[in-house]
Amino acid sequence: MPETDEILVKPASHAVGAEVDGVDLSAGLSPSALNTLRKAFAAHGVLFFRNQSLTPEQHIEFAESWGTIVVNRFFTPVNDYPQVAEVRKESHQSINVGGGWHTDHSYDEEPALGSILCAKELPASGGDTLFAGMSAAYEALSPGLKETLSGLRARHSSRHVFGEEADMPDDIRDRLRNAKEATQDSVHPVVITHPLSGRKALYVNPGFTVGFDGWTVEESRPLLEYLYQHASSEAFTFRFHWEPGSVAFWDNRATWHYALNDYPGQRRLMHRITLDGEALSA
Ligand code: OGA
Ligand code: MN
């Protein structure tokens, strides 16, 4: 039986995500298996895999079967694997990485395609990740607001999050690097046509978007806030519970994510590889 017949893709929720069964990411994937995963990735925005337990080498190999790895300059890499970033919270630390709605790298002119996150050490409970689907969120807006948004572009920046001007407590500063290099600013359409799915998607996020192009920060805030509360509402989100060996592979252009910080006094360690993306258009 061809391998693809054994791969099961089960939607995780109405708006975002799918659980994929019947694939071993640690072994080289056949062209037909990769094709099945590519279609599922475009359709669902984030894929969840169970019981994988990838080594850094296998993680890198899977990432490279998909595209080109991009090294995030702010995260500490895993020893001996500069392509793999650590997403870590120690038991004595209070702030986690990614603890608010965001999508990675929107401050780049060619934002990263997405990330492959592997669970390494999990708290006994808690530490789930929320995902939100930006095509479903866009499609649910009124025709009038869609029309208004279609003419808008937004500014994104890394400065206020990773830069020297960031209001960063010491608790997290140790886990991030290169604040001086947080000088990326970009402008993207507020509604993009997704490069893989061809669906329109809302492309602003609470983490990195600073305002609409040509508008002040103050003028931008009310409409951005409206879009944020709309897109993060229950109808468009899914909560992923990590188990040992779980892997999540998300598309930054189709989804947001939010790492829940509900495991005080416990360690959580994830390995992340980020893939190169492309310029986005309306
Ligand atoms: C990230 C991130 C989410 C998590 O790695 O970009 O936001 O659940 N992580 O750790
Ligand atoms: Mn993130």
Side-chain angles (χ1 to χ4, degrees), residues 12 16-17 45-50 52 54 56 59-60 62-63 69-78 81 83-91 93-108 111-123 125-134 156-158 160-162 166 168 172 175-178 182 184 203-209 228 231-232 237-264 266-277:
V16 65
V46 46
L47 302 180
F48 305 110
F49 305 88
R50 298 289 185 188
Q52 300 289 333
L54 301 181
H59 192 177
I60 291 167
F62 173 55
I69 294 175
V70 52
V71 175
N72 180 296
R73 64 186 82 174
F74 309 122
F75 291 168
T76 308
V78 171
Y81 298 98
Q83 309 97 311
V84 187
E86 274 193 350
V87 176
R88 178 190 286 276
K89 183 180 172 234
E90 291 294 345
S91 57
Q93 293 170 330
S94 59
I95 298 174
N96 67 339
V97 174
W101 283 113
H102 67 284
T103 194
D104 304 327
H105 286 245
S106 71
Y107 45 77
D108 286 327
L113 174 155
S115 289
I116 303 163
L117 193 67
C118 297
K120 292 290 155 182
E121 288 180 54
L122 295 170
S125 65
D128 294 355
T129 306
L130 306 178
F131 290 89
M134 291 303 114
H156 302 249
S157 182
S158 65
H160 61 291
V161 180
F162 297 116
M168 208 190 279
I172 185 127
R175 281 167 283 166
L176 299 172
R177 320 187 299 168
N178 297 330
Q184 300 105 318
Y203 195 72
V204 286
N205 72 88
F208 300 112
T209 306
Y228 296 159
S232 60
T237 61
F238 173 70
R239 179 173 180 148
F240 181 64
H241 177 66
W242 297 88
E243 291 166 351
S246 295
V247 174
F249 177 17
W250 66 78
D251 185 320
N252 282 323
R253 297 85 47 95
T255 62
W256 291 348
H257 55 278
Y258 184 146
L260 292 173
N261 189 11
D262 57 353
Y263 50 98
Q266 297 184 72
R267 171 189 287 150
R268 181 176 183 270
L269 174 65
M270 319 294 268
H271 283 184
R272 176 179 128 176
I273 293 182
T274 300
L275 292 166
D276 229 346

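Start at 1 and go down the list; that is how both ligands and their atoms are numbered.
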(request) Report, in ascending order of atom number, the atoms of ligand 1 lying under 4.0 Å from any heavy atom of His257. (result) 1 (C), 2 (C), 6 (O), 7 (O)
(message) For N/O/S atoms only: which one belongs to Asp104 and is nearest the Mn ion (ligand 2)?
(response) OD1
(message) Ring centres under 6.0 Å, that's the criterion: do His156 and Tyr203 meet it?
(response) yes
(request) Looking only at protein heavy atoms, identify the closest one to atom 8 (O) of ligand 1 and say how far it is in Å. (result) Thr129 OG1, 2.5 Å
(request) Please write down residue, atom name and distance for the protein heavy atom closest to atom 9 (N) of ligand 1. (result) Leu117 CD2, 4.0 Å
(request) Among all protein heavy atoms, pick out the one at the shortest distance from atom 10 (O) of ligand 1; state its residue, atom name and that distance to 0.1 Å. (result) Arg268 NH1, 2.8 Å
(request) If you have a sec, read the angle at the Mn ion (ligand 2) from His102 atom NE2 over to His257 atom NE2, to 10 degrees. (result) 90°
(message) Looking at Asp108 and Gln184, would you say the former's side chain and the latter's main chain have a donor-acceptor pair under 3.5 Å?
(response) no
(request) Number the atoms of ligand 1 from 1 as they appear, then name those within less than 4.0 Å of a heavy atom of Gly98, with their elements. (result) 7 (O)
(message) Quick check against the 3.5 Å criterion: does Trp242 have a side-chain atom that pairs as donor or acceptor with the backbone of Cys118?
(response) no
(message) To check your reading of the model: name the closest protein heavy atom to atom 5 (O) of ligand 1, its residue, and the distance in Å.
(response) Arg272 CD, 3.1 Å
(message) Side chains of Asn205 and Ser106: any donor to acceptor distance under 3.5 Å?
(response) yes
(message) Testing the basics here: between Glu90 and Arg88, what is the closest heavy-atom pair and its distance to 0.1 Å?
(response) OE2-NH1, 2.5 Å
(request) Measure Trp250 to ligand 1 on non-hydrogen atoms and call it side chain, backbone, both or neither using the 4.0 Å cut-off. (result) side chain
(request) Please say which of Leu117, Asn96, Thr76 ends up in a side chain to side chain contact (heavy atoms under 4.5 Å, CB included) with Val87. (result) Leu117
(request) Could you tell me whether the side chain of Thr103 and the main chain of Trp256 form a donor-acceptor pair under 3.5 Å? (result) no
(message) Please list, in number order, the atoms of ligand 1 under 4.0 Å from a heavy atom of Val87.
(response) 5 (O), 10 (O)
(message) Checking the side chain of His59 only, and the main-chain atoms of Ile116 only, is there a donor and an acceptor separated by less than 3.5 Å?
(response) yes
(message) Please check this pair: side chain of Gln52 against backbone of Arg50, looking for a donor-acceptor N/O pair closer than 3.5 Å.
(response) yes
(message) For atom 3 (C) of ligand 1, what's the nearest protein heavy-atom neighbour? Residue, atom name and distance, please.
(response) Ala259 CB, 3.6 Å
(request) Within a distance under 4.0 Å of any heavy atom of Asp104, pick out the atoms of ligand 1 and give their elements. (result) 6 (O)
(request) Mark up the atoms of ligand 1 that fall under 4.0 Å of a heavy atom belonging to His102, in ascending order. (result) 7 (O)
